Protein chains: 2
Amino acid sequence: MEPGHIEGTEAAPKHAHSGQDCRLVGTVLARIGDKWSVLVVMMLADGPRRFNELKRMIGGISQRMLTFTLRGLERDGLVTRTIFPTIPPRVDYELTELGRSLREPIQALGAWAFAHLPEIQEARARFDRREGEKP
Amino acid sequence: MEPGHIEGTEAAPKHAHSGQDCRLVGTVLARIGDKWSVLVVMMLADGPRRFNELKRMIGGISQRMLTFTLRGLERDGLVTRTIFPTIPPRVDYELTELGRSLREPIQALGAWAFAHLPEIQEARARFDRREGEKP
DNA sequence: CAGAATCCCGGAAGATACTG
DNA sequence: CAGTATCTTCCGGGATTCTG
């Protein structure tokens, strides 16, 4: 399977809130949790962007991964892909309504991460120090 | 590097909100985004749990991954590890205050995923159908 | 019971080159 | 510019075995 493609279409749950839902929700969280997907969604928060524009903004993503990530987001209905048949070709990516509804919880998470960054860094440093003085 | 261990301690950012912050926040989001970490945090939401208890609750995680996941969470200061020197040995894992503060944004995300599950499944099915009828 | 250590494989992802 | 195709590398993570 290619990166960015997440399973979860087969075996729909029959009962509301069955144990199986967990796995399905898991496939959704897998996409949300994906490092690149999150970054792309954040980059698209302010409006449509072009392929290479996104690539530059993110910096550190390969064209391959960006392609797969965008495909995945498109597949999940979070992003639309608009092709302008010009020369040179131009493709715009934009959040759908669903994608926009995701901004809020994602930014809450981002805010949390940003707010507690110092704490976490400190905890990591402390842990690694204790770790290092053992042997 | 072992699974569960996430870099991000080296090269602290000098200016608030510099471009480098993105990468650091990324390391935090990487932990949050981690499938197993999220599940473990959710399992610990209601109070402390033992190792095998967590293993059973999650079901499908290997002892190896559970170990690494818990180590990572401990390293980030999200979870405490308490050893009872009894026979047989017993170890409790519990969310720290920081870990508990994470429950809210995480559950918001979970709620979003659950709420939009049908939409997403539909989008996936539609996408895969169009995909399949091309060749 | 709660891990640590070792082995091993498949898939995720980078680099590069080609195309419409 | 916006991809696709291919090759290769690497490491996430499962299965198993061994301790305290």
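Keep in mind it's a predicted model, so treat the numbers as computed, not measured. Below, chains carry the letters A, B, ... as their sequence lines are ordered, and counting in each starts from 1.
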For this session: Figure out the CZ/P separation between B/Arg90 and C/dC1, and round it to whole Å.
Result: 12 Å
Exercise. For A/Glu53, what residues pass the side chain to side chain donor-acceptor pair (under 3.5 Å) criterion, not counting sequence neighbours?
Worked result: A/Arg49
Enumerate the protein-to-nucleotides 15-18 of chain D contacts in which both atoms are nitrogen or oxygen and the separation is below 3.5 Å.
| from | atom 1 | to | atom 2 | distance (Å) |
| --- | --- | --- | --- | --- |
| D/dT16 | O4 | B/Gln63 | NE2 | 2.7 |

Problem set entry | Counterpart residues, side chain to side chain contact (heavy atoms under 4.5 Å, CB included), relative to A/Gln107 (two or more places apart) | A/Ala45
For this session: In whole angstrom, give the distance that lies between atom CZ of B/Phe68 and atom C1' of D/dC11.
Result: 12 Å
Seminar exercise, completed: The side chain to side chain donor-acceptor pair (under 3.5 Å) partners of A/Arg56 (sequence neighbours excluded) come to none
Side-chain donor-acceptor contacts of residues 80-91 of chain A below 3.5 Å, not counting sequence neighbours, with atom names and distances?
| from | atom 1 | to | atom 2 | distance (Å) |
| --- | --- | --- | --- | --- |
| A/Thr80 | OG1 | A/Glu94 | O | 3.3 |
| A/Arg81 | NE | A/Tyr93 | OH | 3.2 |
| A/Thr86 | OG1 | A/Pro88 | O | 2.8 |
| A/Arg90 | NE | A/Asp92 | OD1 | 3.2 |
| A/Arg90 | NH2 | A/Asp92 | OD2 | 3.4 |

Exercise. Would you say A/Tyr93 reaches D/dG3's phosphate, i.e. side-chain N/O to OP1/OP2 under 4.0 Å?
Worked result: yes
Could you tabulate the donor-acceptor pairs under 3.5 Å formed by side-chain atoms of residues 30-38 of chain A, not counting sequence neighbours?
| from | atom 1 | to | atom 2 | distance (Å) |
| --- | --- | --- | --- | --- |
| A/Arg31 | NE | A/Asp76 | OD2 | 2.6 |
| A/Arg31 | NH1 | A/Gly4 | O | 3.2 |
| A/Arg31 | NH2 | A/Gly4 | O | 2.5 |
| A/Asp34 | OD2 | A/Ser37 | N | 3.3 |
| A/Asp34 | OD2 | A/Ser37 | OG | 2.9 |

Problem set entry | Whole angstrom value for the distance that separates P of C/dA13 from CZ of A/Arg71 | 16 Å
Problem set entry | Separation of atom CG in B/Leu54 from atom C1' in C/dC1, rounded to whole Å | 13 Å
For this session: Just jot down the side chain to side chain donor-acceptor pair (under 3.5 Å) partners of B/Arg71, sequence neighbours excluded, or say none.
Result: none
Exercise. Among all residues two or more places apart in sequence or in another chain, which pass the salt bridge (Lys or Arg N to Asp or Glu O under 4.0 Å) test with B/Arg103?
Worked result: none
For this session: Compare all side-chain heavy atoms of A/Leu44 with those of A/Leu54 and state whether any distance is below 4.5 angstrom.
Result: yes
For this session: Return each pair, listed once, that meets side-chain hydrogen bond (donor to acceptor under 3.5 Å, both in side chains) where at least one residue sits in residues 61-70 of chain B; pairs must be two or more places apart or across chains.
Result: none
For this session: Can you pull out how bent the helix from C/dC1-D/dG20 to C/dG20-D/dC1 is, comparing the axes over its first five and last five pairs, to 10°?
Result: 40°
Exercise. Atom CE of A/Met65 to atom P of C/dT16: distance rounded to whole Å?
Worked result: 17 Å
For this session: Please tell me which of B/Ile83 and A/Asp34 maps to the more 5' nucleotide of DNA chain C, matching each residue to the nucleotide holding its nearest heavy atom.
Result: B/Ile83
Problem set entry | Of A/Thr67 and A/Pro88, the one whose closest DNA chain D nucleotide lies more 5' | A/Pro88
For this session: Round to a whole Å and report the spacing from CD1 of B/Ile87 to C1' of C/dC1.
Result: 11 Å
Exercise. B/Arg126: what forms a salt bridge (Lys or Arg N to Asp or Glu O under 4.0 Å) with it, not counting sequence neighbours?
Worked result: B/Glu122
For this session: With heavy atoms under 4.0 Å as the rule, sort A/Phe84 into base, sugar-phosphate or nothing.
Result: nothing
For this session: Grab the NZ-C1' distance between A/Lys35 and C/dG14 for me, whole Å please.
Result: 12 Å
Seminar exercise, completed: B/Trp36 atom CH2 is separated from D/dG12 atom C1', nearest whole Å, by 12 Å
Exercise. From A/Leu117 CG over to A/Trp112 CH2, what is the distance, rounded to the nearest 0.5 angstrom?
Worked result: 9.5 Å
Seminar exercise, completed: Value for OG (A/Ser101) from CG (A/Leu78), rounded to nearest 0.5 Å, stands at 8.0 Å
Problem set entry | Proximity to DNA chain C (any heavy atom under 4.0 Å), residues of residues 44-53 of chain B only | B/Arg50, B/Phe51, B/Asn52
